[in-house]
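To keep things clear, I will list the structure first and then write my remarks on it.
Below, chains carry the letters A, B, ... as their sequence lines are ordered, and counting in each starts from 1. Just the heavy atoms: all of them, side chains too, but no hydrogens, waters or symmetry mates, feed the values below. These figures come from a predicted structure and were not determined experimentally.
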Amino acid sequence: MLDIKFIAENTEWVKQSLGKKDFPAEKVDELLATYYELNKLKTSSQSLAEEKNKLSNAIKSASNEERPAIIAQSKAIGEEFKIEQEKLAEIQAKFDDMMLRMPNYPSEESPIGPDDSANVVRRKVGELPHFDFEPKDHIELMEINDWSEMERIAKVSGSRTYAIKNDLAQLEIAIHMMVMDILRQHGFTLITVPALSKEKPLYNQGYLPFARDEIYYMPTDDIYLSGTAELILNSLRADEMLTEADLPVLYAGFSPCFRREAGAAGKDTRGLVRVHQFFKTEQFVICKNDMAESEKWHQTLLQISEEVLQALELPYQVLEVCTGDMGAPKYRQYDLEAWVPSQNCYRETHSCSNITDWQARRTNLRYRGNDGKVKFCHTLNNTGIATPRALVPFIENHQQKDGTVRIPEKLQPYLGGKKFIGKNAK
RNA sequence: GGAUAGAUGGCCGAGUGGUCGAAGGCGCACGAUUGGAAAUCGUGUGUACCCCCAAAGGGUACCGUGAGUUCGAAUCUCACUCUAUCCGCCA
């Protein structure tokens with residue numbers, strides 16, 4: 001959510017800034033018109049309330065003769081007040097809805113463009129693998145190593161699900177454990193959170209009202225399935241008044257994640273790249289309302305996820321996401337993409353975002369600064385690791401001629417010291 | 001699933017129809033005292049919004065959420081959410 005006063009005072013700048021995300025300027029005008037209408041109504045209904053309150057107070061000290069007349073007068077104003085209130089509530093609801101649909105301002109650093117074609121590669125790290133044999137894709141590798149039950153599980157759980165077993169299942173857990181250790185070394189608090197969410201947190205996060213189609217909903221219990229621990233962690237401290245000394249709050253959240261993938265029909269239908277349910281260890285930061293501070297955390301989060309990909313010895317690229325491709329909540333976003341040999345391209349493994357105070361305004365997440373002033377926090381999030389997707393570049397890049405998969409040194413302690421996994425591994 | 005108790009400011013906690021934005025305490029800020037600190041004493045200290053060019057000032061709302069009763073609700077009624085404890089069931 002944005003600050004309406006800021007919009008009123010910097011209208012042209014706001015139009016231009018939100019225009020980079022293809023947000024129409026007319027909607028800014030519409031919002032402001034509604035705002036002024038709302039204020040007018042507030043003023044008139046508040047003076048009615050004032051009058052009403054004065055009369056009510058007068059009743060206490062009124063004589064028995066005066067009292068009935070004052071009560072009658074107060075009643076009459078009460079009726080009028082009620083009508084004003086109804087009008088006010090209507091305009092307020094309209095205004096609130098418009099506010100919920102205003103995207104965050106993008107950073108001046110973000111490339112401007114309509115969609116992912118305008119994203120900019122900031123750097124590439126690691127060497128692409130050179131195979132002296134015909135490399136297999138991850139599905140083949142799973143088959144020859146008896147690592148999955150992809151066909152059987154589809155019968156049980158439907159499309160875009162997965163069941164992996166043996167070394168690969170162990171690898172999935174091991175990678176999360178390694179990432180959790182890395183995050184703990186960076187001062188993060190490890191926290192496992194539910195995949196269940198009420199509706200309000202979805203608005204707080206900024207997923208609603210934008211992408212209802214993407215979310216699983218269970219009407220019997222009026223409960224949603226979380227697409228990421230970010231959803232839960234963002235609302236965990238909702239409505240709290242922190243102190244500056246409490247900040248930053250660093251969470252490493254682990255949870256199952258659920259996505260309907262409604263907009264991805266036909267894409268990545270096979271294998272582990274895009275599934276309805278997966279596990280994610282998420283990085284989440286609550287920090288001071290200070291651009292330098294949150295930019296610093298944004299870089300730190302990015303660096304941590306690079307550390308993760310480097311520990312996994314995966315070649316990757318850092319993508320700076322353009323204004324049109326980043327979601328409504330985001331101020332600035334980097335995606336990390338790891339090399340997938342079978343697709344001859346980089347595929348997203350991490351998404352690192354600075355939300356500034358946009359999310360905290362919705363969540364009503366504030367702190368009292370050392371100067372005594374109350375401010376909204378800044379929030380940031382980034383993937384720690386998400387599986388099984390991360391397993392795709394992992395087993396493809398590290399595959400050997402005999403179908404086994406090499407385990408990088410940093411990961412070996414989490415796999416009982418194994419240097420290779422697979423049927424032919426010794 | 002059944003029963004009971006509860007939800008008040010940054011925190012604890014009093015308050016059962018008007019004098020309550022709310023006692024008292026803690027915390028915090030400033031000042032006095034001190035060589036400095038602690039202790040002590042004094043003063044101040046909620047949030048959001050509206051009017052006002054701004055300041056000064058005035059006003060409205062907020063005691064879990066939503067509705068209702070009333071001239072008037074933290075206080076009474078109803079529904080809901082959450083928390084605690086007990087019983088039942090259970091990974």
Side-chain angles (χ1 to χ4, degrees), chain A residues 1-11 31-100 192-204 218-224 232 235-247 249 255-256 286 288-289 357 360-377:
Chain A
M1 207 141 65
L2 303 174
D3 179 359
I4 186 63
K5 285 185 178 163
F6 182 85
I7 297 174
E9 284 160 19
N10 304 277
T11 310
L31 175 78
L32 284 171
T34 309
Y35 176 58
Y36 296 132
E37 187 185 0
L38 183 66
N39 281 353
K40 231 193 226 168
L41 264 168
K42 267 188 193 167
T43 307
S44 61
S45 92
Q46 282 184 9
S47 56
L48 274 177
E50 184 181 354
E51 223 179 310
K52 193 162 80 83
N53 287 345
K54 276 186 182 152
L55 286 169
S56 288
N57 285 327
I59 287 166
K60 284 178 287 183
S61 50
S63 67
N64 286 341
E65 297 82 67
E66 296 171 320
R67 193 163 287 139
I70 302 176
I71 290 177
Q73 201 184 345
S74 181
K75 253 185 176 167
I77 291 175
E79 291 299 310
E80 212 180 321
F81 178 70
K82 212 172 176 181
I83 293 164
E84 282 279 279
Q85 285 292 287
E86 276 162 19
K87 255 196 285 180
L88 183 67
E90 194 184 308
I91 303 298
Q92 181 78 57
K94 184 179 164 194
F95 175 74
D96 290 347
D97 182 63
M98 288 172 128
M99 282 300 280
L100 282 175
T192 66
V193 296
L196 301 177
S197 175
K198 298 186 186 189
E199 190 174 66
K200 183 64 174 39
L202 287 155
Y203 280 98
N204 291 348
M218 296 177 288
T220 310
D221 299 291
D222 190 25
I223 206 92
Y224 295 82
I232 308 297
S235 282
L236 193 62
R237 312 295 291 271
D239 302 312
E240 286 190 27
M241 181 79 76
L242 307 175
T243 63
E244 193 163 330
D246 295 329
L247 302 173
V249 175
S255 76
I286 304 170
K288 283 194 286 189
N289 190 317
D357 65 358
R361 285 178 184 277
R362 294 173 164 243
T363 310
N364 193 29
L365 175 53
R366 299 172 299 172
Y367 70 101
R368 195 180 299 280
N370 291 337
D371 56 6
K373 291 211 175 82
V374 174
K375 296 166 202 168
F376 287 103
C377 301

Under 4.0 Å between a side-chain N or O of [X] and OP1 or OP2 of [N]?
| X | N | answer |
| --- | --- | --- |
| A/K75 | B/C71 | yes |
| A/K200 | B/U65 | no |
| A/Y35 | B/C50 | yes |

Determine the interatomic distance between [atom1] on [N] and the same-named atom on [M]; round to the nearest Å.
| N | M | atom1 | value |
| --- | --- | --- | --- |
| B/C50 | B/G13 | C1' | 33 Å |
| B/A5 | B/G10 | C1' | 27 Å |
| B/G9 | B/A61 | C1' | 15 Å |
| B/C87 | B/C78 | C1' | 28 Å |
| B/C62 | B/C20 | C1' | 13 Å |
| B/U85 | B/G31 | C1' | 48 Å |
| B/G72 | B/G21 | P | 16 Å |
| B/C41 | B/A54 | C1' | 39 Å |

Does anything in residues 54-91 of chain A form a ring-ring contact (aromatic ring centres under 6.0 Å, His included)? List the pairs, not counting sequence neighbours.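 For residues 54-91 of chain A, and leaving out neighbouring residues, there are no ring-ring contact (aromatic ring centres under 6.0 Å, His included) pairs at all.
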Here the ring-ring contact (aromatic ring centres under 6.0 Å, His included) pairs for residues 32-73 of chain A, sequence neighbours left out, are A/Y35-A/F95
With the side chain defined as heavy atoms from C-beta on, A/M241 is closest, among B/C50, B/C71, B/G10, to B/G10
Quick one: which residue pairs count as a salt bridge (charged side-chain N to carboxylate O under 4.0 Å, His left out) with a foot in residues 89-99 of chain A, not counting sequence neighbours?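 Counting only pairs at least two positions apart or across chains, the salt bridge (charged side-chain N to carboxylate O under 4.0 Å, His left out) contacts touching residues 89-99 of chain A are A/D97-A/R101.
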* To do: State plainly whether the residues A/K40 and A/E37 are in salt-bridge range, i.e. N to O under 4.0 Å.
  => no
- Below 4.0 angstrom, N of the basic side chain to O of the carboxylate: do A/K82 and A/E86 qualify? no
Between CZ of A/F376 and P of B/U47 the distance, given in whole Å, is 12 Å
Whole-Å distance, A/L236 CG to B/C82 C1', equals 15 Å
Report yes or no: does [X] contribute a side-chain atom to a donor-acceptor pair with the main-chain N or O of [Y] at less than 3.5 Å?
| X | Y | result |
| --- | --- | --- |
| A/S47 | A/S44 | yes |
| A/N53 | A/E50 | no |
| A/R362 | A/L100 | yes |

Would you classify [X] as touching base, sugar-phosphate or nothing, given that sugar-phosphate means primed atoms plus P, OP1 and OP2, and contacts are heavy atoms under 4.0 Å?
| X | result |
| --- | --- |
| A/R67 | nothing |
| A/Y36 | nothing |
| A/K5 | sugar-phosphate |

Identify all pairs in which a protein N or O lies below 3.5 Å from an N or O of nucleotides 18-25 of chain B, and state each distance.
| from | atom 1 | to | atom 2 | distance (Å) |
| --- | --- | --- | --- | --- |
| B/G18 | O2' | A/K60 | NZ | 3.4 |
| B/G18 | N2 | A/S56 | O | 2.8 |

Each base of RNA chain B marked ( ) or [ ] if paired in-strand (Watson-Crick or G-U under 3.5 Å), | if paired to another strand and . if unpaired gives ((((((((.[[[..)..(.....]]]((((((.......))))))((((((.....)))))).[[[[[..)....]]]]])))))))....
On RNA chain B, more 5' by nearest nucleotide between A/K52 and A/R368 is A/R368
Of A/K82 and A/T43, whose nearest nucleotide on RNA chain B comes first from the 5' end?
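The residue whose closest nucleotide sits nearer the 5' end is A/T43.
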Counting primed atoms, P, OP1 and OP2 as sugar-phosphate and everything else as base, the B/S/- map of nucleotides 59-64 of chain B against protein heavy atoms under 4.0 Å is BSS---
